[in-house]
Amino acid sequence: MHAGQLDALLDAVDASDGVAFDGLHAGRADDGFYFETPHTERTGLSEAEFRDVAESNPWFVSNWFYWTREVGLGDRGESETNAESDTARRDGGNARRAFLRWAENADDHGVPERYEALADGVTREWGQLCVTATVADHGERRYHLRHVADADADLSSLDVYADPLEARSIVTYDERGRYRPLKTAPTLPDGWAFTDLDGRALVETVDTVYPATIPNWYREQEGRLDVTHWHETADRQTGIYDIIDELDEEAVEWIAESCCVDSQCLKRRMWDADEETELDADRGDGVFPCREPCSLVVAAARKWTTLEREESQTYEFELTPSEKEQVEEIIDTVAEGRTEEIREADVYEGANRYRARFLRAKRFDDHGNLSGTPTDE
Amino acid sequence: MQALVIVAHGSHLNPDSSAPTYDHADTIRDVGAFDEVKTGFWKEEPSLREVLRTVESDEVFVVPMFISEGYFTEQVIPRELRLDGWDVSEWDSDGLNASHATLTASDTDQWVHYCGPVGTHESMTDVLVRRAESVTGDPDVGDGFGLAVVGHGTERNENSAKAIEYHAERIREMDRFDEVQALYMDEEPEVDDVTDYFESEDVVVVPLFIADGFHTQEDIPEDMGLTDDYRTGYDVPAEVDGHRIWYAGAVGTEALMADVVLERAAEAGADVGDAVERVRRRTRGTPAAGD
Ligand code: SF4
């Protein structure tokens, strides 16, 4: 705590009916000032005595100062009685504050426990991000961010960044250099760290890695996440996406199962077919919600809409039992994104390249038709 | 607090699509004209549906990184941003002169000044000329040079051709280049025949596109005969039928585009101080596209 923080507390006490924040109660009554925490209860104080008591409870004062004067008071958070804050009137400001409080488990622990934990660093996971909150001098919080896979890595082995916007260069490509069209896909590359961020910079960095996840998570915390379900989303589409409302419910189920499970996307799917009709596909365990089908899903749905217009046909193929299983293995391997893992000479894997080439050589005719069976009969 | 939100198409396939939007947002952020500068996309994240949630300010200036008025600026963006009571008549435009309209975003209760697209703003003409300067490396380029402005054509959107004509005419009026011609990808006069339309030996070709992608990097260079295969690249300038073609790539990648974005917001009432001047100073000379 520094003197300015104590002065600010006294100003706040003077300007209001009292301060009540994170277990600190301070104010002025008929018999003088009072200063109360879960462990201290002092009343009838002179200003000099008030200063003395505050100085022996510095964490409560610096904690109050950090949250109310640096981060800003939320509309709905703990309040200084009657004191209005104009620093965080929009959801955005409240969301930022709620996220920073989440980062240090503020709602679960009292100030002394938190300060002790923050001295070592409090770490929480947000998707593939590892957020660590620490406390610097005078209660000021500093935040650090890295990939969960690097949680225990030595900082010297990581590329260190300070500017939140530099995160764009980290999130654009996956480990294999492929463009990442879905920011919440579990393909965030590791090997980097953001250190020594203030609250605003932390939120900005997280928002660059996982855009809009904080405000949506905040709305959910507040019990007012607005979910737009499949049918409503499909009905809203125009232009080339106008057709996706043709898809039947079973196909929507397959879409959720294909795109939205945790192995593909770290958002927790909150949308269903409609408010009454839940989809069976796993919603995922992600900390942040998905409130409506995203543009990637809508674009893929357009392709599936046209594909699903086709009727099934009966084809006759000749395959040995092992070949049938191999076809299934190939589909599985592609669907799980495992093709790269299959070793060059591992001919025991059905999706091995030599195995696939052998099957093609044996079973395709010159036109690429399986078993020589034409596609259109 | 006032925020700037630049909205753009983006892509699921090509990271170059959003790159200029990020660059121009960075330029404007650096001059500190807004409390917040954010970007939102149709195909990337944050989506147009959610970008306003990432903005803390009450007052938001939304500038579309699109070339012309049409489907996206008139229907998709206002719908996805949930601009309450939007109707295209709010812009009172003939297809070229949308300036701005002020509405409430029902999702966030923010006050949104929804601006016309960058592509139809008059200062876009300066960006086209600046692009010609960048690609030739000559700040006085003009004498002995022809300039072609290239667009899609009317097939997808009639206003798109209007924007091309508008800027071509304005550059002609500058009397700086020997010849100025509007060319199209899918109608006459076609960009394929670029050399037929110019007498000047040197011709600068600038596509009026927001970002480099399939059209500007593959189609147009191959159509003009700069290369047989875009993957092998092309020279700048490249010799075609006795002409030297200085192909500039998408005008949207030119740093001066940030100025157009700022001017759009300023005309809608944003208090940007001397930022327009500062951005103009800072954005001299973007490296040219090419091989
Ligand atoms: S719809 Fe939501 S859960 Fe599904 S892939 Fe898109 S963002 Fe992820």
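Chain letters run A, B, ... following the sequence lines, proteins first, then strands; residues in each count from 1. Every value quoted in this text rests on a predicted model; they were computed, and no experiment measured them. Excluded from the calculations below are hydrogen atoms, water molecules and symmetry mates; all remaining heavy atoms, backbone and side chain alike, are included.
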Exercise. Specify the closest pair of heavy atoms between Lys43(B) and Ser295(A), including all atoms of both residues, with the distance to one decimal.
Key: O-OG, 3.4 Å
Practice problem: Mind checking the CZ-OG1 spacing from Arg168(A) to Thr39(B)? Nearest 0.5 Å is all I need. | Solution: 7.0 Å
Quiz item: What are the two closest heavy atoms between Tyr71(B) and Thr238(A), and how far apart are they?
Solution: OH-OG1, 2.5 Å
Practice problem: Select one option (side chain, backbone, both, neither) describing which atoms of Tyr173(A) are under 4.5 Å from chain B's heavy atoms. | Solution: side chain
Exercise. Determine, for Arg53(B) against Asp207(A), whether the closest basic-nitrogen to carboxylate-oxygen distance falls under 4.0 angstrom.
Key: no
Self-check item: Exercise: identify the closest heavy-atom pair between Arg219(A) and Thr108(B)
Solution: NH2-CG2, 4.1 Å
Quiz item: More than 12 non-hydrogen atoms from neighbouring residues, nucleotides or ligands closer than 6.0 Å to CD on Glu166(A), yes or no?
Solution: yes
Practice problem: Heavy-atom distances under 4.5 Å only: say whether Arg180(A) touches chain B with side chain, backbone, both or neither. | Solution: neither
Quiz item: Can you say whether Leu48(B) sits under 4.5 Å from chain A via the side chain, the backbone, both, or neither, judging by heavy atoms?
Solution: neither
Exercise. Would you mind telling me which of Glu292(A), Gln237(A), Arg291(A), Arg236(A) has the largest number of heavy-atom pairs within less than 4.5 Å of chain B?
Key: Arg236(A)
Self-check item: Proximal component of Ile214(A), with respect to chain B [non-hydrogen, under 4.5 Å]
Solution: neither
Quiz item: In this structure, are over 12 heavy atoms from other groups packed under 6.0 Å from Asp235(A) atom CG?
Solution: yes
Quiz item: Given that the side chain runs from C-beta out, which part of Asn14(B) has a heavy atom under 4.5 Å from chain A: side chain, backbone, both or neither?
Solution: backbone
Quiz item: Using non-hydrogen atoms only, which part of Tyr22(B) is less than 4.5 Å away from chain A: side chain, backbone, both, or neither?
Solution: both
Quiz prompt | Any donor-acceptor N/O pair, Glu50(B) side chain to Ala212(A) backbone, under 3.5 Å | solution = no
Quiz item: Does atom CD of Glu246(A) have more than 12 heavy-atom neighbours, drawn from other residues, nucleotides or ligands, at distances under 6.0 Å?
Solution: yes
Practice problem: Could you have a look at Arg29(B), Arg49(B), Glu44(B), Lys38(B) and say which one has the most heavy-atom pairs with chain A under 4.5 angstrom? | Solution: Arg49(B)
Self-check item: Leu296(A), part contacting chain B, at a heavy-atom distance under 4.5 Å
Solution: both
Self-check item: Shortest non-hydrogen contact from His12(B) toward Pro181(A)
Solution: O-CB, 3.2 Å
Quiz item: By a 4.5 Å heavy-atom criterion (distance strictly below it), what part of Thr213(A) contacts chain B: side chain, backbone, both, or neither?
Solution: neither
Quiz item: What residue in Gly10(B), Pro15(B), Ser47(B) has the most heavy-atom pairs under 4.5 Å with chain A?
Solution: Pro15(B)
Self-check item: Asp285(A) atom CG, neighbour heavy-atom count above 12 within 6.0 Å
Solution: no
